[in-house]
Structure formats: structure tokens, C-alpha cells
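We count ligands from 1, going down the list as the structure has it; atoms in each ligand are counted the same way.
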Amino acid sequence: MRIVVIGGSGTIGSAVASRLTEAGHEVLTASRSGEHTVDTTDPQSVQALFERLGKVDAVVSAIGGGPFVPTPQTRPEQVQEGLSGKLAGQMNLVIQGLPYVSDGGSFTLTSGILNAVPVRGGAIAAAINGGLESFVHVASHELPRDIRLNAVSPTVLEESLDKYGPVFPGFEPTTGRRVADAFLRSVAGLENGKVIRIW
Ligand SMILES: NC(=O)c1ccc[n+]([C@@H]2O[C@H](COP(=O)([O-])OP(=O)(O)OC[C@H]3O[C@@H](n4cnc5c(N)ncnc54)[C@H](OP(=O)(O)O)[C@@H]3O)[C@@H](O)[C@H]2O)c1
């Protein structure tokens, strides 16, 4: 399959790109500074990416999350930053990417544990993940040409403990490899409308 991994230079995205390549797929990576450039907060940039790439069999998104900040100290622009980045950015990838995905192809988005398990400062991330999972739940039933839509919801990765460890006290971390396997399962399998939880 020809697969584009958006956020393919990140911790999760690079693990997914390696796993899909290892499984024999042709993998293209995109990010604001990657092999193929795109800013998912800008619909024109997203449109230009899909036009440049042409047909793909699968779109994988592992783009970045929202700001961690306690609710009483949250500023409206931080809410907006989170929503337009991870939530609207990934929804628009599906909406704008549809014409470029082959019949029977798929989209796999990235959610996360924080809408199910509260952590300090995690309210924006929780709202984003909850919104994404609701989008997957409904939109997956409306996609044409047997195109599927799933999300992967990881807990914190071992590889990210330096960055996020203090936010997840006592959480058992997972590995990039396990998370990448969940993406492979979504791309190469038959599931639709699922949130594949790695926790
Ligand atoms: N790491 C974890 O432990 C963990 C656990 C659960 C959930 N998650 C979720 O998984 C996702 C990825 O996390 P990560 O740790 O892999 O993040 P990361 O290492 O910061 O990687 C983010 C990737 O997305 C790209 N990106 C960010 N904003 C973009 C934009 N506007 N347009 C295009 N590309 C963009 C980045 O590249 P450029 O900067 O070059 O654009 C990079 O390739 C996030 O949504 C996060 O909430 C992570």
C-alpha cells in the first residue's frame, strides 16, 4: 500500500512509519518540516499536500497535542490552539483527504488516554481526544467507497517519559512499537469506527 504518515517525524509518527515500511508498504512522511511539507492547521496547505501526493491507500495522522495547563489558568487562545491543531487538523485531513484515498482505503487518527483518565492540566487534551473519538464514531459510517476510519489511543510512551513522565505518575508506559502495531492493525485490517486503545 502507498501510505502517507502525517507527523511522520514525531515520536509516534516515526515509529509508525518504520513499522509500516517493515511490513512492506511504501511510506511517505509529511509534517511542517518533513519530506513533504504540510501545516494541518491550514486547509490550503492540506489541499496542496494531497494534490502533490496524488492517490494514497491510507492516511495516518500522528500530529501533536494541545497545551497542558490547569483549567483556572487556561487562556482562550490555548483552547483555540489545541482545537485547531489536533482536533480540527485531523478532522480536516479526513474531509479533505477523502477524494485522494483509494477505494477500500483508510484513515487512522491519533487520540490518547486523557479523555478517559484525568491528569493535571489535561482538560484541553481530554476535550480534543473526546471530540476526535466522537468524530470517528460517527464519520466512519458516512465514508464512501468502503473507506474506513479509526483512531489509536495510546497511553504515555516509554520514549516520551522525559517529556511527559511527570504528568503521568504511576502510569505503566507503552512502547512506540506497540502503538505502531495498532496503526498497522488499523491500516491493514478490516476494523472501522474503532478506537484502538493501547492502555
Ligand atoms: N508521546 C506520547 O507519549 C503520547 C501518548 C498518547 C498520545 N499522544 C498523542 O500522539 C500525538 C503525537 O505525539 P508525539 O509525542 O509523537 O508528538 P511529537 O513527537 O511532537 O510529533 C508530532 C509530529 O507532528 C508534526 N506536526 C505538529 N504540528 C503539525 C502541524 N500543524 N502540521 C503538520 N505536522 C505537524 C511534527 O512535525 P513538525 O513539528 O515538523 O511539523 C511531528 O512530526 C499527539 O497528538 C499526542 O497527543 C502521544
Side-chain angles (χ1 to χ4, degrees), residues 4-20 27-50 52-53 59-69 78 80-94 96-97 107-119 121-133 135-136 150-183 186 195-199:
V4 58
V5 178
I6 311 208
S9 60
T11 307
I12 290 180
S14 58
V16 175
S18 301
R19 185 70 188 94
L20 294 171
V27 177
L28 312 162
T29 59
S31 63
R32 287 169 299 190
S33 55
E35 175 193 5
H36 298 280
T37 52
V38 65
D39 182 349
T40 54
T41 63
D42 175 3
Q44 287 186 340
S45 170
V46 171
Q47 188 64 31
L49 174 74
F50 283 121
R52 271 199 316 277
L53 296 182
V59 176
V60 165
S61 165
I63 62 170
F68 281 87
V69 53
Q78 292 175 305
Q80 195 53 47
E81 180 197 334
L83 295 180
S84 62
K86 184 171 172 177
L87 179 57
Q90 294 196 93
M91 290 172 64
N92 287 335
L93 283 178
V94 175
Q96 294 186 261
F107 292 88
T108 308
L109 310 182
T110 301
S111 167
I113 191 173
L114 294 182
N115 60 315
V117 181
V119 301
I124 296 176
I128 292 167
N129 293 344
L132 268 175
E133 293 182 11
F135 175 71
V136 167
N150 298 302
V152 173
S153 169
T155 187
V156 67
L157 270 66
E158 273 174 17
E159 293 88 334
S160 301
L161 284 178
D162 282 354
K163 201 165 150 193
Y164 298 125
V167 180
F168 294 90
F171 284 61
E172 184 184 353
T174 188
T175 61
R177 175 76 182 194
R178 270 200 76 201
V179 173
D181 273 339
F183 280 90
S186 170
V195 176
I196 302 174
R197 294 185 176 86
I198 307 299
W199 40 275

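- On a distance-only criterion, Y164 and ligand 1 share no N/O pair closer than 3.5 Å.
- Taken to the nearest 0.5 Å, the CG atom of L28 stands 6.0 Å off from the CG atom of L53.
- Set against the non-hydrogen atoms of K163, the atoms of ligand 1 under 4.0 Å away are 20 (O).
- Comparing V156, I12, I63, T110 against atom 45 (O) of ligand 1, the shortest heavy-atom distance belongs to I63.
- Less than 4.0 angstrom separates some heavy atom of S9 from each of these atoms of ligand 1: 37 (O), 42 (C), 43 (O).
- Side-chain contact, S153 with W199: a donor N or O sits under 3.5 Å from an acceptor N or O.
- At the shortest separation from atom 6 (C) of ligand 1 among protein heavy atoms lies P154 O, 3.3 Å.
- Checking only distances, K86 does come within under 3.5 Å of ligand 1, N or O to N or O.
- The protein heavy atom nearest to atom 19 (O) of ligand 1 is T11 N, 2.9 Å.
- Closest to atom 40 (O) of ligand 1, if we only count protein heavy atoms, is S33 OG, 2.6 Å.
- Atom numbering of ligand 1 starts at 1 in the shown order; those under 4.0 Å from a heavy atom of S160 are 1 (N), 2 (C), 3 (O).
- At least one side-chain heavy atom of Q90 sits less than 4.5 Å from a side-chain heavy atom of T110.
- Between V38 and V46, some side-chain heavy-atom pair lies under the 4.5 Å cut-off.
- Checking each of E133, K86, R197 against S111 for a side chain to side chain donor-acceptor pair (under 3.5 Å) leaves exactly one that passes, namely E133.
- Nearest residue to atom 22 (C) of ligand 1 from A30, G13, A62 is A62 (criterion: closest heavy atom).
- Remark: distances from the non-hydrogen atoms of G89 to ligand 1 are all 4.0 Å or more.
- In this structure, atom 29 (C) of ligand 1 lies nearest to the protein heavy atom R32 NE, 3.5 Å.
- Residues V5 and F183 fail the side-chain proximity criterion, which asks for heavy atoms closer than 4.5 Å.
- The atoms of ligand 1 that sit less than 4.0 Å from any heavy atom of S111 are 7 (C), 9 (C).
- Looking at atom 30 (C) of ligand 1, its nearest protein heavy atom turns out to be T40 OG1, 3.3 Å.
- Taking every heavy atom of T155 and a limit of under 4.0 angstrom, the matching atoms of ligand 1 come to 5 (C), 6 (C).
- Remark: distances from the non-hydrogen atoms of E159 to ligand 1 are all 4.0 Å or more.
- The minimum heavy-atom distance linking S186 with T108 is given by the pair OG-OG1, 2.6 Å.
- H36 is not listed as a side-chain neighbour of V4, based on a closest heavy-atom distance of 4.5 Å or more.
- Here the CG atom belonging to N115 is positioned 9.0 Å from the CG atom belonging to L132, to the nearest 0.5 angstrom.
- Remark: ligand 1 and L157 share an N or O pair separated by less than 3.5 Å (distance only, no angle test).
- Considering backbone and side-chain atoms alike, I6 places every N or O at 3.5 Å or more from each N or O of ligand 1.
- Residue contact annotation: I113 has no non-hydrogen atom under 4.0 Å from ligand 1.
- Within the listing of ligand 1, atoms 44 (C), 45 (O), 47 (O) sit less than 4.0 angstrom from a heavy atom of G65.
- Between the T37 side chain and the S33 main chain, no donor and acceptor come within less than 3.5 Å of each other.
- Atom 17 (O) of ligand 1 lies below 4.0 Å from none of the non-hydrogen atoms of the protein.
- Ranking protein heavy atoms by distance to atom 31 (N) of ligand 1, first place goes to D39 OD1, 3.0 Å.
- F135 has its side chain out of reach of L87: every pair of non-hydrogen atoms, C-beta onward, lies at least 4.5 Å apart.
- The nearest protein atom to atom 21 (O) of ligand 1, hydrogens excluded, is given as G10 CA, 3.2 Å; this is a heavy-atom distance.
- When hydrogens are left out, the protein atom nearest atom 33 (C) of ligand 1 is V38 O, 3.1 Å; that is the closest non-hydrogen contact.
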> Between N92 and T40, does a side chain to side chain contact (heavy atoms under 4.5 Å, CB included) hold up when you go through it step by step?
Replying inline: CA-CA 8 Å; N92 287 335; T40 54; over 6 Å; no
Donor-acceptor list for residues 156-170 side chains, cut-off 3.5 Å, not counting sequence neighbours:
from	atom 1	to	atom 2	distance (Å)
E159	OE1	G176	N	3.2
E159	OE2	G176	N	3.0

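- Annotation: side chain of D181 is not in contact with side chain of R178 (no heavy-atom distance under 4.5 Å).
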